[in-house]
Amino acid sequence: MVASQGSGRKPRKERKENADMRRRQILDATLKSIVANGLAKTTLATVANEAGLSQGVAVFYFKSKTGILTEALRDQYQTYEAHWQAALEKAPEDPAARLRTIIEADFSPKICNPSALAIWFAFFGEQNFVPQYAEITGEFEEKRSQMLAEICHELIPEDPGKADKAGGWIDSLTDGYWQKLHLFPHIYTREGALEQTLNFLQTLFPSHAEAFQAKAGS
């Protein structure tokens, strides 16, 4: 139903656009607060202050601090998932090229940067205490794990046992490098982490080693 002229009510589409804009504003402010204050010290007050809004507005859209933080984690995963899926859509059909694409996406500046890593590890530390975080993590990690498993089975169809384990090994390695980049940024670099991960893939899939070699000029 269209709002009557002079009623003072905005059309439904405009109301939705305004609500989406406010939610985006609050989520961005939440992520910035986590980077600046940590998860424990991120409150409705710090989020509202970062967003330039009242605490009442934040509560209206997300109900509580837990609600805001839960949606912030979901938003972080959605950004990450959209990034690696978009990269895969442009990758060649060859499984080695697809795996390399996923790894390069993991260490791209958009995904692997100090702010993003601070947010990831703030949430990872609370997984055992907040069921909502664990549910979201499980949902998104399962989709990525399935994709890695499919690619690994395409790479070594003759060794399904190794293929079953390979995805987990790769995830553990990239997660480990993310942690090192977060804790020791003065020692580790994205470029170095990517190079070492590709070196591992050459060892893991020797018949596809050429596909994981460093690119000329990199």
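- Between N199 and Q202, the closest side-chain pair of non-hydrogen atoms falls below 4.5 Å.
- The shortest heavy-atom contact between S145 and D171 is OG-OD2, 3.9 Å.
- Using a 4.5 Å cut-off on side-chain heavy atoms (C-beta onward), I151 and L155 make contact.
- When atom types are taken as modelled, the side chain of R190 and the backbone of L181 share no donor-acceptor pair closer than 3.5 angstrom.
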- Message: Let's go through L73 and E126 carefully: what are the C-alpha distance in whole Å and the side-chain angles of both, what is the deciding distance for side chain to side chain contact (heavy atoms under 4.5 Å, CB included) to 0.1 Å, and is it a yes or a no?
- Response: CA-CA 11 Å; L73 176 59; E126 296 295 317; over 6 Å; no
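- Checked by atom type and distance alone, the side chain of Q55 never pairs as donor or acceptor with a backbone atom of A48 at under 3.5 Å.
- Taking all atoms of both residues into account, the shortest heavy-atom contact from T197 to A193 is OG1-O, 2.8 Å.
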Open item on the list: Y61 vs L53, test: side chain to side chain contact (heavy atoms under 4.5 Å, CB included). Steps then yes/no.
Closed with: CA-CA 12 Å; Y61 285 105; L53 301 169; over 6 Å; no
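- A heavy-atom distance below 4.5 Å is not found between the side chains of Q76 and F140.
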Pair up each side-chain donor or acceptor in residues 82-95 with any protein partner under 3.5 Å, not counting sequence neighbours, and list the distances.
unit_1	atom_1	unit_2	atom_2	d
H83	NE2	S108	OG	2.9
D94	OD2	A96	N	3.2
D94	OD2	A97	N	3.0

Starting from the C-alpha separation in whole Å, work towards a yes-or-no answer on side-chain hydrogen bond (donor to acceptor under 3.5 Å, both in side chains) for Q146 and E142.
-> CA-CA 6 Å; Q146 288 180 353; E142 178 64 20; 3.0 Å; yes
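- No donor-acceptor pair under 3.5 Å is formed between the side chain of N49 and the backbone N or O of A45.
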Please determine whether side chain to side chain contact (heavy atoms under 4.5 Å, CB included) holds for the pair C112 and L194, giving the CA-CA distance in whole Å, both sets of side-chain angles, and the decisive distance to 0.1 Å. CA-CA 11 Å; C112 185; L194 173 59; over 6 Å; no
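- Listed for the R74 side chain is no donor-acceptor partner under 3.5 Å among the backbone atoms of I136.
- Here the shortest heavy-atom pairing between P160 and P157 reads CD-O, 3.8 Å.
- V35 and V47 are not part of a single hydrophobic cluster, where members link through side-chain heavy atoms under 4.5 Å apart.
- Counting non-hydrogen atoms of other residues, nucleotides and ligands closer than 6.0 Å to NZ of K165 gives a total of 12 or fewer.
- The number of heavy-atom neighbours closer than 6.0 Å to NZ of K180, taken from other residues, nucleotides and ligands shown, is 12 or below.
- The shortest heavy-atom contact between G125 and F129 is O-CE1, 3.7 Å.
- Here the side chain of K41 pairs no donor or acceptor atom with the backbone of A36 at under 3.5 angstrom.
- Around the CD atom of E210, the shell of radius 6.0 Å holds no more than 12 heavy atoms that belong to other residues, nucleotides or ligands.
- A donor-acceptor pair is defined here as one N or O able to donate and one able to accept, closer than 3.5 Å; no such pair exists between the side chain of K110 and the backbone of A105.
- Hydrophobic clustering (side-chain heavy atoms under 4.5 Å, transitive across Ile, Leu, Val, Met, Phe, Trp, Tyr) groups F107 together with I187.
- Taking the salt bridge (charged side-chain N to carboxylate O under 4.0 Å, His left out) definition, one finds that D159 meets it with nothing, sequence neighbours left out.
- For the atom pair CD of Q196 and CG of L173, the computed distance is 9.0 Å after rounding to the nearest 0.5 Å.
- Residues I119 and F124 fail the side-chain proximity criterion, which asks for heavy atoms closer than 4.5 Å.
- The distance from the OH atom of Y133 to the CG atom of N128 is 13.0 Å, given to the nearest 0.5 Å.
- Of the possible polar contacts, one joining the T70 side chain to the T66 backbone as a donor-acceptor pair under 3.5 Å is found.
- Side-chain contact between I170 and C152 is present, with heavy atoms from C-beta onward closer than 4.5 Å.
- L31 and L44 fall into different hydrophobic clusters, where Ile, Leu, Val, Met, Phe, Trp and Tyr residues are linked whenever their side-chain heavy atoms come under 4.5 Å apart, directly or through other members.
- Under the 4.5 Å side-chain criterion, counting only non-hydrogen atoms from C-beta, I26 is in contact with V57.
- Of the candidates Y188, Y80, F184, W178 forms a ring-ring contact (aromatic ring centres under 6.0 Å, His included) with just one, namely Y80.
- D28 has a carboxylate O that lies under 4.0 Å from a charged side-chain N of R24, or vice versa, which qualifies the two as a salt bridge.
- A 4.5 Å side-chain heavy-atom check between D164 and H153 finds at least one atom pair inside the cut-off.
- At most 12 heavy atoms of other shown residues, nucleotides or ligands fall within 6.0 angstrom of atom CZ in F60.
- No side-chain donor-acceptor contact under 3.5 Å links S33 to the backbone of A29.
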Quick one, Q127 with T137, criterion side-chain hydrogen bond (donor to acceptor under 3.5 Å, both in side chains). Give me CA distance, side-chain angles, the key distance, then yes/no. CA-CA 8 Å; Q127 293 289 311; T137 297; 3.0 Å; yes
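- To the nearest 0.5 Å, the span separating CD on E104 from CG on L99 amounts to 10.0 Å.
- To the nearest 0.5 Å, the span separating CD1 on I34 from CZ on F121 amounts to 14.5 Å.
- For K32, the NZ atom is loosely surrounded, since the number of other residues' heavy atoms within 6.0 Å does not exceed 12.
- Y77 and L27 are members of different hydrophobic clusters when ILVMFWY side chains are connected at heavy-atom separations under 4.5 Å.
- No continuous path of ILVMFWY side-chain contacts below 4.5 Å connects F62 to F123, so the two sit in separate hydrophobic clusters.
- Rounding to the nearest 0.5 Å gives a distance of 8.0 Å between CD of E81 and CD of E139.
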### Worked check of side chain to side chain contact (heavy atoms under 4.5 Å, CB included) between T30 and E50
CA-CA 8 Å; T30 302; E50 188 70 52; over 6 Å; no
